[in-house]
Number of protein chains: 2
Amino acid sequence: MTLILRSMTDARPYTRLIDRLKASGLRPTRQRLALAKLLFDAGGDGVQAAAVRNRHVTAEQLHGEAMAADVRVSLATVYNTLHQFTEAGLLREVVVESGRSYFDTNVDDHHHFYFEDTGRLQDIPGDSVRLAEIPEAPQGAEIERVDVIIRLRDR
Amino acid sequence: MTLILRSMTDARPYTRLIDRLKASGLRPTRQRLALAKLLFDAGGDGVQAAAVRNRHVTAEQLHGEAMAADVRVSLATVYNTLHQFTEAGLLREVVVESGRSYFDTNVDDHHHFYFEDTGRLQDIPGDSVRLAEIPEAPQGAEIERVDVIIRLRDR
DNA sequence: ATACTTGCAAATCGTTTGCAATACC
DNA sequence: GGTATTGCAAACGATTTGCAAGTAT
């Protein structure tokens, strides 16, 4: 399991998040900050396992976490915020199941395991999936992204 | 463009479909037969381009086609039928967009182009996508299927 | 002060379900 | 005849929207 170290000795713990939002052209409102903290700072203690940092959340889940953390946010705002973050490149939307959207805090090039039995999503580590060959994009189109989803079931 | 030839000189044009449904343990009802015809026999003149035979339909679309062909089927039945066909291995469900399901008449191993601008789905011919490396399935799980979706946007 | 954000409740979309009527074997 | 299948309309879950009230710069 890979560990990722981050220096979190900043005296003002929100400064980083505020700057990040501002850099994306989003006003650092109370709600956006709280959601950003839940998404990007989970654990919050400076040393975090990749499994914790790479989150795959649905709007409902994140809303639930906010409630649990006593952050008042409406579900509509959670939806709006997730989409704004996605547009800003802070999140990546992953579609594996019709009727539910997952948002991935890992925006690097990578692919996913999907556990059909539980509905859980998991990053495939590093570049252990590699395409040997990618076809030409059809006339007039260009490739925006390649999604690989490995669907799993319990053995 | 590959052409696929089929002998369609059968005097009873529905015999093949009826047998196919029976073989799947599905009663060949009027509705199922009509939908099977629309799905698997589009064109119906014996020589069909692959592009016509490999269909990607939503329930709404298929329902619309049925209406246009003066086949009385309720939308609920279209949904049920699509799922039954999928369970029987006659169709394959493809998820590219949260909130809309596509059903693919091509059940062979293959992958997809997805035109984000139009919402259209297209088979990637043959095996021009190939994975160089597939990771181990995590403990206790086995790989059921690998989906590759190449997302395209207009250039 | 002004433009951007939020929350609420209602609206929407695709899909599923309960159940009485109907069709297949 | 008995069971599987259908249609309808209502129910559903996730997501979006309109708009008045609140908040950041």
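Per chain, numbering begins at 1; letters A, B, ... match sequence-line order.
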| Positions of residues 75-95 of chain A (non-hydrogen atom under 4.0 Å from DNA chain C), listed by number | A/A76, A/T77

| request: Rounded off to whole Å, could you give me the OH-to-C1' distance for the B/Y102 and C/dT15 pair? | output: 15 Å

| remark: 5'-most contact on DNA chain C (nearest-nucleotide basis), A/R32 vs B/E60, goes to A/R32

| message | Does B/S101 reach a base, just sugar-phosphate, or nothing at all? Heavy atoms under 4.0 Å. | response | sugar-phosphate

| said: Could you tell me if B/H111 and B/D147 have a donor-acceptor pair between their side chains, going purely by distance under 3.5 Å? | reply: no

| message | In whole Å, I'd like the distance from the CD atom of A/Q31 to the P atom of C/dC4. | response | 17 Å

| query | Does A/Y114 share a hydrophobic cluster with A/L91, counting links as ILVMFWY side-chain heavy atoms below 4.5 Å and allowing steps through other members? | reply | no

| said: Here's a test of your reading of the structure: between B/R30 and B/T58, which maps to the more 5' nucleotide of DNA chain C? | reply: B/T58

| query | Rounded to the Å, how far apart are B/R72 CZ and D/dT5 P? | reply | 18 Å

| Distance, rounded to the nearest Å, where B/I18 contributes CD1 and C/dA23 contributes C1' | 15 Å

| request: Find out if a path of hydrophobic residues (ILVMFWY) with successive side-chain heavy-atom gaps under 4.5 Å connects B/V73 to B/L33. | output: yes

| said: Check this one for me: any side-chain N or O of B/S98 less than 4.0 Å away from OP1 or OP2 of D/dA14? | reply: no

| field | Rounded interatomic separation in angstrom, taking CD from B/E97 and C1' from C/dT15 | value | 15 Å

| said: Expressed as a whole number of angstroms, how long is the span from B/L26:CG to D/dT3:C1'? | reply: 15 Å

| message | I need the CG-P distance between A/L21 and C/dC4, as an integer number of Å. | response | 17 Å

| query | What's the CZ-P distance between B/R100 and D/dT16, to the nearest Å? | reply | 13 Å

| query | Quick one: does B/R92's side chain have a donor or acceptor within less than 3.5 Å of a partner on B/N106's backbone? | reply | no

| Candidate nucleotides D/dT15, D/dG7, C/dG7, ranked by approach to the side chain of A/A59 - the nearest | D/dT15

| field | Side chain to side chain, B/E97 and B/L121, heavy atoms closer than 4.5 Å | value | no

| said: Heavy-atom nearest nucleotide on DNA chain D for B/R27 versus B/S74: which residue maps closer to 5'? | reply: B/R27

| note | By side chain to side chain contact (heavy atoms under 4.5 Å, CB included), A/H63 pairs with (sequence neighbours left out) A/M67, A/L75, A/V78

| task | Heavy atoms only: give me the nearest B/L152-A/P138 pair and the separation to one decimal. | result | CD1-CD, 3.5 Å

